[in-house]
Visitor: 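Structure below; questions to follow.
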Amino acid sequence: MSLPTVKTTCPYCGVGCGIEATVEDPAAHRVTIKGDPDHPSNFGKLCSKGATLGDTVTLENRLLYPSVDGRRCDWDTALDHVAGRFRQIIAKHGPDAVAFYVSGQLLTEDYYVANKLMKGFIGSANIDTNSRLCMSSAVVGYKRAFGADTVPCSYADLELAELIVLVGSNAAWCHPIAFQRIRKAKDNNPNLKVVVVDPRRTASCDIADLHLPLKPGMDALLFNGLLCHLQRDGRIDKDYVANFTNGFAEALHQAETSAGSVAAVAAGCELDPADVGQFFAWFAGTERTVTVYSQGINQSSSGSDKCNAIINCHLASGRLGKPGMGPFSFTGQPNAMGGREVGGLANMLAAHMDLDNPAHVDRVGRFWHSERVADKPGLKAVEMFEAIGDGRVKAVWIMATNPVVSMPDADRVKQALQRCELVVVSDCIANTDTAQLAHVLLPATGWSEKDGTVTNLERRISRQRPLFAASGEARHDWWIISRVAQRMGFADAFAYQSSAEIFREHAALSAFENDSEHQLRDFDLSAFATIGQTEFDSLQPVQWPVTRERPQGSPQLFGDKQFFTADRKARFIPVAPQGPRNKVDADYPFTLNTGRLRDQWHTMTRTGLAAKLNAHRPEPFVEIHPADAERLQLKNRSLARIESRWGQMLARVEIGAGQRRGSLFVPMHWTGQVSSHGRMGALVNPVVDPYSGQPESKQTPVRISAWPATWYATILARQPLAIRDCEYQVKIRGEQFYRYELAGSDAGKDWRQWSRELFSENGIAGAGDWLEYSDLQAGYYRCAYLAGNRLQACLLVGPDFELPEPGWLCSLFPKPELSRSERLALLSGQPPKGEADIGRIVCSCFNVGEKTIQQAVQAQKLQSVAAISACLGAGSGCGSCVAELKEFLPQPG
Ligand SMILES: Nc1nc2c(c(=O)[nH]1)N[C@H]1C(S)=C(S)[C@@H](COP(=O)(O)OP(=O)(O)OC[C@H]3O[C@@H](n4cnc5c(=O)[nH]c(N)nc54)[C@H](O)[C@@H]3O)O[C@H]1N2
Ligand SMILES: Nc1nc2c(c(=O)[nH]1)N[C@H]1C(S)=C(S)[C@@H](COP(=O)(O)OP(=O)(O)OC[C@H]3O[C@@H](n4cnc5c(=O)[nH]c(N)nc54)[C@H](O)[C@@H]3O)O[C@H]1N2
Ligand code: SF4
Ligand SMILES: [Mo]
């Protein structure tokens with residue numbers, strides 16, 4: 001009998017890949033994941049994260065039951081408690097004393113209901129989302145230029161382009177399948193050029209014809225310079241500018257004051273003038289140009305202006321609304337776009353209507369049958385947590401986001417929640433840094449159980465469909481919110497029984513009075529305004545607007561050169577370039593850049609469950625330029641302390657020439673759950689963009705110094721351990737083992753006693769064999785414990801950071817038994833002669849390590865990635881490691 005296959009959508013990045021999931025065993029949550037060959041986002045491909053989804057649907061660490069004040073309770077008790085406390089606080093202090101902090105990882109239906117409850121019925125706009133930290137500046141950029149939050153491009157434009165400029169986007173790691181489409185387009189069209197603008201040399205530079213490692217924060221100067229160049233070079237589309245836009249002269253004038261020459265731009269951006277000239281010449285000479293921008297642009301105290309500096313260049317050259325061109329903001333989360341549609345941000349209403357427009361407020365009020373619709377913007381994320389901290393907001397409900405890790409100045413956020421009267425957290429995972437501070441925990445269904453829609457970065461709506469029944473007592477987010485709403489007295493407006501019903505209402509609102517008689521809005525799902533359950537269940541991926549005239553959706557917008565401003569013309573925005581708000585100085589001489597790794601998703605609550613995904617970069621690290629490392633005597637693999645005015649962290653030093661001098665890069669993923677000092681949000685400057693309220697997460701002034709550890713240790717154990725008395729600690733989940741990297745600055749630990757106690761407290765003891773090596777004078781100690789012939793645990797201690805790379809030891813845990821020679825080799829940490837040590841994992845699909853690749857390249861004289869793939873498989877799965885594989889090949893010259 002063939003097993004049922006469900007078509008659904010990946011819950012990670014905004015690329016929105018289609019998945020075919022075959023449920024092998026519903027009780028054991030066993031499922032096989034494949035790319036959906038028919039889905040127009042990915043045509044069957046998946047990256048490393050999507051491909052390992054099957055490893056993350058485990059019940060381990062799931063939040064399965066509601067609880068209030070730490071005590072498990074039933075749903076009625078929890079819902080009554082939340083509704084009752086919210087009502088009390090609102091009655092006493094008014095609706096602005098409560099807040100929701102939600103997420104671009106909610107489904108559209110969840111998001112719609114949360115927004116409707118807060119803005120429509122509680123009557124406050126205090127609902128903001130983690131998208132504030134993500135693409136709120138991109139929203140401002142589009143709204144200012146087009147009069148609506150319209151992403152004008154599609155993936156197809158990337159394939160038709162002849163120049164793609166990636167600005168502040170590491171798409172190779174963050175939007176891998178879109179990046180692979182660009183790579184393939186480049187293979188098919190040798191004329192397609194790629195320019196990467198990023199202070200850091202990233203994996204995306206692998207396909208770049210030109211990399212501009214500009215001074216952090218200087219992008220507006222670069223694009224103002226480009227606008228001036230287009231003018232000098234006679235590339236302004238005069239007809240387009242005159243007939244379809246406003247404000248060109250002012251924008252050009254402003255650009256000319258700072259960026260009137262290539263030399264001035266190159267000096268201000270600290271770039272080679274020849275490279276700047278090359279970029280300008282390519283842009284000027286290439287009609288089909290797409291500019292992709294992401295967090296290197298948005299996460300800035302002047303991010304909105306940076307977005308407009310980019311859009312200005314497209315408007316000036318008329319490169320918009322035609323195939324193969326446009327300013328393309330890449331959103332990050334699976335449903336960041338859905339959040340924009342329902343009005344998840346505190347300054348938006350719903351269905352692309354505005355809070356500060358009385359006609360919109362009136363219209364939404366009539367549609368929702370509510371007279372209480374909020375008519376002024378609410379608190380944006382950073383302000384919201386300030387208000388929680390100083391007691392203005394007394395109750396907050398956090399859904400599908402982990403602000404104790406991901407907010408800037410995260411220690412303040414933590415304190416604010418500790419002081420808050422009522423913290424409600426809905427999550428599918430039990431142990432998160434934020435869940436630990438909750439008074440009420442509400443278990444949400446996870447990706448494999450959810451049912452609804454998401455919108456990807458090219459406006460494509462796709463279905464997420466359930467693979468399993470809800471685990472434990474978990475409920476859909478929309479169910480939880482609407483049941484609280486009912487108990488708050490809004491039963492009629494929240495009587496939802498299904499996600500289809502909510503989607504239908506959302507579509508109907510988008511169509512409500514959306515015609516030229518009122519004022520046209522871009523977001524229009526009128527074709528779905530009466531959609532039924534069956535049609536919803538079989539909904540095919542489609543790009544909005546979806547109307548009766550365009551039932552197949554709309555891949556390209558603005559082809560008619562009509563925008564959503566009052567006079568239907570696009571607007572240029574004059575931009576005065578600014579660097580980071582807080583500059584580096586003698587106390588804090590480095591710029592801290594933060595961002596993403598290939599195989600982790602944000603705060604690791606789900607990717608951290610997949611052993612395969614933890615192998616690529618197992619520990620928090622700080623990347624630093626070799627010259628800076630040498631000057632500060634920071635050694636590769638040693639530990640360093642990084643401090644800002646707001647907080648500090650510890651991380652492993654990685655020296656890399658891809659870093660600019662004066663810049664540091666730290667990944668954003670590590671939390672208090674898996675590391676003692678890796679939560680980088682504590683350092684990040686909470687300063688925000690004045691228009692969007694988006695924080696400057698990429699340019700915090702910091703300092704770095706060596707952290708003087710006196711000992712370093714690695715522990716591998718078959719089960720998780722509770723480790724006391726240890727300053728530095730990182731926990732990594734592996735295949736049938738847990739790995740701990742430890743360090744301390746205390747002296748004279750009795751390692752033998754310490755390890756015996758640790759292991760026995762954690763249940764690793766008995767009649768098995770202890771192997772031991774001890775040279776305590778010199779600071780070395782190693783031991784291993786075997787039960788039968790299986791490795792249960794081992795500890796390696798040394799006085800410095802040069803402990804053996806544990807790849808081989810890790811590979812022993814899945815083995816049913818060890819050979820004689822393996823036992824003998826155990827304490828050396830190195831494989832017995834003749835057996836290979838694969839080293840750090842590079843290809844997570846096929847588990848291929850760096851040592852294996854080095855050996856194969858040398859021994860077989862491999863000359864290309866294709867040859868490595870043919871020989872080892874590496875790179876032939878999801879393709880995410882292709883850029884790294886290239887580094888193993890012999891370098892030309
Ligand atoms: N693997 C993985 N993929 C993800 C995610 C994840 O957690 N893991 N998260 C998703 C989400 S929500 C998002 S928002 C996206 C983010 O996707 P991206 O924006 O591509 O990712 P980031 O790593 O945050 O930052 C992008 C780049 O900005 C650069 N940068 C820093 N400062 C500047 C600057 O001043 N100018 C310029 N031009 N560049 C600068 C950084 O060096 C970095 O390489 O990724 C999505 N995809
Ligand atoms: N310094 C710095 N900070 C940053 C960034 C940066 O680049 N640098 N990037 C920012 C950006 S772009 C983003 S998007 C944020 C991301 O930051 P967060 O949103 O805080 O990160 P996640 O780990 O994705 O958190 C999602 C939470 O929702 C839970 N969850 C997953 N699915 C569901 C569901 O269906 N229902 C419910 N109720 N819960 C669910 C997960 O278990 C997890 O706890 O971080 C921002 N912070
Ligand atoms: S690129 Fe990867 S993470 Fe993004 S949607 Fe596709 S499979 Fe998921
Ligand atoms: Mo994001």
Side-chain angles (χ1 to χ4, degrees), residues 9-17 19 35 41-42 45-51 53 63 103-107 110 130-131 133-135 166-171 173-180 197-200 202 204 212 214-219 222 293-300 306 330-334 336 399-408 425-429 432 434-435 442 444-447 450 456 476-477 480 580 591-607 663 665-669 671 680-681 683-684 695 697-700 878 880:
T9 311
C10 176
Y12 297 124
C13 86
V15 177
C17 295
I19 283 177
S41 296
N42 56 318
K45 295 254 177 206
L46 293 177
C47 79
S48 53
K49 295 180 296 304
L53 271 166
L63 180 62
S103 158
Q105 292 169 69
L106 290 173
L107 303 187
D110 306 325
N130 63 356
S131 289
L133 322 175
C134 179
M135 48 55 180
L166 293 171
V167 198
S169 154
N170 182 14
W173 281 7
C174 299
H175 298 97
I177 299 303
F179 184 80
Q180 287 185 22
V197 183
D198 194 312
R200 208 162 61 103
T202 64
S204 302
L212 299 177
L214 86 176
K215 183 177 170 187
M218 297 314 292
D219 302 81
L222 183 70
Y293 53 100
S294 191
Q295 301 314 333
I297 289 294
N298 299 343
Q299 287 174 341
S300 152
K306 288 173 180 170
F330 266 24
T331 49
Q333 296 181 90
M399 307 175 202
T401 177
N402 196 357
V404 173
V405 184
S406 55
M407 281 286 292
V425 171
S426 303
D427 208 295
C428 46
I429 299 293
T432 75
T434 303
L442 303 175
T445 45
W447 164 75
K450 297 200 73 153
N456 79 353
H476 298 319
D477 286 290
I480 304 173
T591 302
L592 178 70
N593 177 7
T594 57
R596 290 155 172 81
L597 298 178
R598 190 188 83 189
D599 288 355
Q600 293 296 347
W601 178 261
H602 297 159
T603 71
M604 290 186 181
T605 62
R606 289 169 294 159
T607 45
S663 282
F665 176 79
V666 168
M668 67 173 290
H669 306 291
T671 68
M680 59 81 231
L683 283 79
V684 175
S697 316
K698 295 279 188 264
Q699 287 115 16
T700 302
C878 74
S880 303

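Computed from heavy atoms alone, side chains included, the values below leave out hydrogens, waters and symmetry copies. We count ligands from 1, going down the list as the structure has it; atoms in each ligand are counted the same way.
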Visitor: What atoms of ligand 2 come within less than 4.0 Å of a heavy atom belonging to Ala444?
Guide: 36 (N), 37 (C), 38 (N)
Visitor: Can you check which of His669, His602, Gln600 brings a heavy atom nearest to atom 8 (N) of ligand 1?
Guide: Gln600
Visitor: Pairing donors with acceptors under 3.5 angstrom, does anything connect the side chains of Asp599 and Ser48?
Guide: yes
Visitor: Only heavy atoms of Asp198, strictly under 4.0 Å: list the atoms of ligand 1 that pass.
Guide: 27 (C), 28 (O), 29 (C), 30 (N), 39 (N), 41 (C), 42 (O), 43 (C), 44 (O)
Visitor: Which atoms from ligand 3 have a heavy atom of Lys49 less than 4.0 Å away?
Guide: 3 (S)
Visitor: Any idea which protein heavy atom is nearest atom 1 (N) of ligand 2, and the distance to it?
Guide: Thr594 OG1, 3.0 Å
Visitor: Considering only non-hydrogen protein atoms, determine which one is nearest to atom 3 (N) of ligand 2 and report residue, atom name and distance to 0.1 Å.
Guide: Ser406 O, 3.5 Å
Visitor: Among all protein non-hydrogen atoms, which one is nearest to atom 25 (O) of ligand 1, and what is the separation to 0.1 Å?
Guide: Lys698 CE, 3.3 Å
Visitor: For atom 34 (C) of ligand 2, which of Asp110, Asp477, Asn130 has the closest heavy atom?
Guide: Asp477
Visitor: Heavy atoms only, cut-off 4.0 Å: how does Asn170 contact ligand 1, side chain, backbone, both, or neither?
Guide: both
Visitor: Applying a 4.0 Å heavy-atom criterion (strictly less than), which segment of Leu133 is in contact with ligand 2: side chain, backbone, both, or neither?
Guide: both
Visitor: If the contact criterion is a heavy-atom separation under 4.0 Å, does Leu442 count as touching ligand 2?
Guide: no
Visitor: Is there a side-chain contact (heavy atoms from CB on, under 4.5 Å) between Leu133 and Met407? Walk through the geometry before answering.
Guide: CA-CA 8 Å; Leu133 322 175; Met407 281 286 292; 3.8 Å; yes
Visitor: Which of the numbered atoms in ligand 1 are under 4.0 angstrom from any heavy atom belonging to Thr202?
Guide: 44 (O)
Visitor: Which heavy atom of the protein is the closest neighbour of atom 31 (C) of ligand 1, given with residue, atom name and distance?
Guide: Asn593 OD1, 3.3 Å
Visitor: Which heavy atom of the protein is the closest neighbour of atom 7 (S) of ligand 3, given with residue, atom name and distance?
Guide: Cys47 N, 3.5 Å
Visitor: If we set the cut-off at 4.0 Å for heavy atoms, which region of Tyr12 has an atom near ligand 1: side chain, backbone, both, or neither?
Guide: neither
Visitor: Could you tell me, atom by atom, which parts of ligand 3 come under 4.0 Å of a heavy atom of Gly16?
Guide: 5 (S)
Visitor: Taking heavy atoms and a distance under 4.0 Å, where does Ala400 meet ligand 2: side chain, backbone, both or neither?
Guide: both
Visitor: Hey, looking at atom 30 (N) of ligand 2, which of Pro408, Gly681, Cys428 has the closest heavy atom?
Guide: Cys428
Visitor: List ligand 1 atoms under 4.0 Å from Leu597, heavy atoms only on the residue side.
Guide: 1 (N), 2 (C), 8 (N)
Visitor: Could you tell me whether atom 2 (Fe) of ligand 3 has an N, O or S atom of Cys13 under 2.8 Å away?
Guide: no
Visitor: What atoms in ligand 3 come closer than 4.0 Å to a heavy atom of Pro176?
Guide: 1 (S)
Visitor: Using distance alone, decide if ligand 2 has a nitrogen or oxygen within less than 3.5 Å of any nitrogen or oxygen in Gln295.
Guide: no
Visitor: Quick test: of every protein heavy atom, which one is nearest to atom 18 (P) of ligand 1, and how far off is it to 0.1 Å?
Guide: Ser294 OG, 3.5 Å
Visitor: Heavy-atom distances under 4.0 Å are what count here, so tell me which part of Cys134 touches ligand 1: side chain, backbone, both or neither.
Guide: side chain
Visitor: Which atom names give the shortest non-hydrogen contact between Leu106 and Ala400, and what distance separates them?
Guide: CD2-CB, 3.8 Å
Visitor: State the atoms of ligand 1, each with its element, that fall below the 4.0 Å cut-off from a heavy-atom position in His175.
Guide: 15 (C), 17 (O)
Visitor: Can you report which non-hydrogen protein atom sits closest to atom 17 (O) of ligand 1, along with the distance?
Guide: Cys174 CB, 3.3 Å
Visitor: Could you find the nearest protein heavy atom to atom 5 (S) of ligand 3 and give me its residue, atom name and distance?
Guide: Cys17 N, 3.4 Å
Visitor: Applying a heavy-atom cut-off of 4.0 Å, say which part of Ile297 lies close to ligand 1: side chain, backbone, both or neither.
Guide: neither
Visitor: Mark up the atoms of ligand 1 that fall under 4.0 Å of a heavy atom belonging to Gln699, in ascending order.
Guide: 32 (N), 33 (C), 34 (C), 35 (O)
Visitor: Could you tell me whether the side chain of Ser880 and the main chain of Cys47 form a donor-acceptor pair under 3.5 Å?
Guide: no
Visitor: For Val684, which part has a heavy atom under 4.0 Å from ligand 2: side chain, backbone, both, or neither?
Guide: side chain
Visitor: Given Arg596, Met135, Gln299, which one has a non-hydrogen atom that is nearest to atom 13 (C) of ligand 2?
Guide: Arg596
Visitor: Atom 24 (O) of ligand 2: which protein heavy atom is closest, and how many Å away?
Guide: Gln105 NE2, 2.7 Å
Visitor: Test of understanding: given a 4.0 Å heavy-atom threshold, classify the contact between Met668 and ligand 1 as side chain, backbone, both, or neither.
Guide: neither
Visitor: In the protein, what heavy atom is nearest to atom 1 (S) of ligand 3, and what distance, to one decimal place, separates them?
Guide: Ile177 CG1, 3.4 Å
Visitor: Can you find a non-hydrogen atom of Leu46 under 4.0 Å from ligand 3?
Guide: yes
Visitor: Regarding atom 44 (O) of ligand 2: of the candidates Asp427, Thr432, Asn402, which has the closest heavy atom?
Guide: Asp427
Visitor: So which bit of Val405 gets within less than 4.0 Å of ligand 2, heavy atoms only: side chain, backbone, both or neither?
Guide: neither
Visitor: Contact between ligand 1 and Lys215 is defined here as a heavy atom of the residue under 4.0 Å from a ligand atom; is it met?
Guide: no
Visitor: Against heavy atoms of Gly50, which atoms of ligand 3 measure under 4.0 Å?
Guide: 7 (S)
Visitor: Can you tell me the protein heavy atom closest to atom 8 (Fe) of ligand 3 and the distance?
Guide: Cys10 SG, 2.3 Å
Visitor: Does Asn298 come within less than 4.0 angstrom of ligand 1, counting non-hydrogen atoms of the residue?
Guide: no
Visitor: Look only at interatomic distance and state if Gly595 has a nitrogen or oxygen under 3.5 Å from any nitrogen or oxygen of ligand 1.
Guide: no
Visitor: Distance to 0.1 Å, residue and atom name: give those for the protein heavy atom nearest to atom 35 (O) of ligand 2.
Guide: Lys450 NZ, 3.0 Å
Visitor: Which of the atoms of ligand 3 are close to Tyr12, meaning less than 4.0 Å from one of its heavy atoms?
Guide: 3 (S)
Visitor: In terms of ring plane angle, is the pair His175 and Phe330 parallel, tilted or perpendicular, where the classes change at 30° and 60°?
Guide: perpendicular
Visitor: Have Gln600 and Thr607 got a donor and an acceptor in their side chains that come within less than 3.5 Å?
Guide: yes
Visitor: Are a donor atom and an acceptor atom from the side chains of Asn130 and Ser406 found within less than 3.5 Å of each other?
Guide: no
